[in-house]
Amino acid sequence: MTGRPPPCGRLWAALAACLALAAGAVAAPAQPIDLSRLSAQPNPRLGLSFPGSQVRYYPYMADAGIGVARIAVTWGLIEPERGRYNWRGLDERVGSLLQLGIQPFLTFESQSDWGTRPDTRAVKNGAPVELEDWRRFVANVVERYDGDGRDDMPGLAGRVRYYQAANEWESPENPSGGWIGSGAELIALIDATHDAIKAADADAVHVLGGIASFNMDVLLVALDRADFRVQQRWSAGSTTVFDRARIHSPEIAALIDERVLPVLRDARYDMADAHLYGPEARDPARLALLAELSGRPVLSAECGGPSRDYGGEYSPQGHFIAAVHRNLGVLAAGGAFCLWFRLGEDDRTTWGNRFTALYTNDARPKPGVWAFRMLARLLRPGVEPYPLGGDGFELRGTGAPLRLGWDAGADGVLGWAAQQGVPAWCLTDAPAGLLSPAAGGCPAGGFVIAGRDVAQLLSPDP
């Protein structure tokens, strides 16, 4: 015998190979996707606001695919006396973020026992006694982290690009920021900050302090761009409500005309910031109005969900969906990114936003972490989200499109998957991050994802 197979053997082998290829081309059965097993690299279109000062927890952000982190820079802590600086804590935070591949987003707070007027110290944005002292402080901070090799932080591995001042400046009572003084004085502070940033680093981005979501909604109603109730819950039994009549009062009109509009229109800054809480469906209108009034690009340096301000309670599925909806909504509206509010849970926030954090207070991941890891994989360079009504998005760019939907949008994604002949998965276990093939049935209104490349993009070994 020659050892060569007979012709019929070759024929049967070729036929078997063709049948195998044909079977694979039709479709292999979809397998479950375990999002908790995904690894993720920091993505510059995903971020987090205020991770805290304990840098040992910062790797949790990188593991979730977060590429931008907002931290506070308080004047009185960095410069406790005129000309004497204490860089240790800020250097540690900035250095740790850059080492992890996370871009720091620095928010200045003009709190200082020696540098601000005593009558303005009840808020975080105190009015400087001398603007030159404030300008010098800002310039020194930017110079330390601009990466130009001159007066840099020792061992700086990269540079800081984003700087912000005057957080939530609209109200004189806001404990998260506030401003006690005139609109003209506020513009002077913002302009001094802008000039100091640009003098130290002309390529740095100066972001105007964010407008609170409550106040963005008031603006929408006051300017007749929307007609809804605006509210914030402080406890299960205490809620602040602004109806249309109150929003159209002379007091609110004066605040808008004398402070809000002049600052947005006349101050010097590069980007505007809308803080986003409450119903995600309001975000496109909020961002569009801010872009119109400011004439600048927009982002959200503080966002989160699910919020209890308008009713409802926390649920794992709701936390996952809120992270997907809010992040993709900001990007689809042209925003640079959305910085999610808080890394871990604590009681230093409003009642309505008590559960927005990505991790529990004992560092266990919540469903939002799985959503962030998924988005970090899906939002590759060149991929952009496009809204599908109010409860879903299509991601388009390199490769085949994919769709994500929930609530009223879930059935539409499933129908699209059937029409296109592509696999679909639904979130069947939010706490565990488990996506199950939709062929096995999906929870009504739950999260659904579909597309030809989903399994590959969300593989533990992509």
Side-chain angles (χ1 to χ4, degrees), residues 33 35 213 217 226 228-229 231 233 276-288 300 303-333 335 338 340-341 352-353 355-356 358 366-375 378-379 384-396 401-420 422-451 454 458:
I33 296 174
L35 298 176
S213 59
D217 288 349
F228 45 56
R229 184 177 59 180
Q231 67 183 52
R233 298 183 73 182
L276 303 175
Y277 297 102
E280 289 88 354
R282 297 183 182 182
D283 291 355
R286 292 163 167 170
L287 294 166
S300 178
C303 64
S307 170
R308 298 181 294 170
D309 283 328
Y310 288 84
E313 292 298 328
Y314 172 86
S315 73
Q317 180 99 203
H319 194 245
F320 184 98
I321 291 172
V324 174
H325 195 169
R326 196 128 257 165
N327 278 288
L328 293 183
V330 170
L331 295 175
C338 165
W340 198 259
F341 184 52
N353 294 328
F355 298 110
T356 64
L358 294 182
K366 295 167 61 180
V369 173
W370 317 138
F372 267 81
R373 287 187 187 175
M374 179 186 72
L375 292 175
L378 299 180
L379 292 170
E384 299 294 338
Y386 294 84
L388 298 173
D391 297 319
F393 293 86
E394 180 171 285
L395 301 188
R396 306 173 192 165
L402 62 88
R403 290 190 176 187
L404 312 92
W406 50 87
D407 296 339
D411 286 344
V413 172
L414 291 173
W416 175 80
Q419 183 183 46
Q420 298 293 318
V422 297
W425 291 260
C426 45
L427 184 65
T428 53
D429 188 342
L434 182 63
L435 296 172
S436 299
C442 292
F447 175 83
V448 177
I449 182 171
V454 169
L458 301 183

Between W340 (side chain) and R326 (backbone), is there a donor-acceptor pair under 3.5 Å?
no

Report the C-alpha separation of V422 and V454 in whole Å, then their side-chain angles, then the decisive distance to 0.1 Å, and conclude whether the side-chain contact (heavy atoms from CB on, under 4.5 Å) test is met.
CA-CA 9 Å; V422 297; V454 169; over 6 Å; no

Heavy-atom closest pair (L287 atom, A333 atom, distance to 0.1 Å) is CD1-CB, 3.7 Å

Determine whether L378 and I449 make a side-chain contact, defined as any pair of heavy atoms from C-beta on separated by less than 4.5 Å.
yes

For the pair R396 and E384, find out whether any cationic side-chain nitrogen is under 4.0 Å from an anionic carboxylate oxygen.
no

Review item, side-chain donor-acceptor pairs of residues 429-446, under 3.5 Å, at least two apart:
unit_1	atom_1	unit_2	atom_2	d
D429	OD1	A432	N	3.3
S436	OG	T428	OG1	2.6

Is there side-chain contact between V448 and W406, with at least one heavy-atom pair below 4.5 Å?
no

Is P385 close to L331 at the side-chain level, that is, under 4.5 Å between some pair of heavy atoms?
yes

Tell me whether the NZ or CZ atom of R403 lies within the 45° cone about the ring axis of F393 and under 6.0 Å from its centre.
no

Hey, mind stepping through L358 and H319 against side-chain contact (heavy atoms from CB on, under 4.5 Å) and telling me if it holds?
CA-CA 9 Å; L358 294 182; H319 194 245; 4.2 Å; yes

Is there a donor-acceptor pair closer than 3.5 Å between any side-chain N or O of D309 and the backbone N or O of R233?
yes

Heavy-atom pair of closest approach, residues L427 and Q317:
O-NE2, 3.5 Å

When the ring planes of Y314 and F355 are compared, do they come out parallel, tilted or perpendicular, using 30° and 60° as the limits?
tilted

Would you say M374 and L404 make side-chain contact, with heavy atoms under 4.5 Å?
yes

Using 30° and 60° as the class limits, which term best fits the ring planes of F320 and F447: parallel, tilted or perpendicular?
perpendicular

Do L379 and L328 come within less than 4.5 Å of each other through their side chains, counting heavy atoms only?
yes

Criterion side-chain contact (heavy atoms from CB on, under 4.5 Å) on E394 and L402, from CA distance to verdict
CA-CA 6 Å; E394 180 171 285; L402 62 88; over 6 Å; no

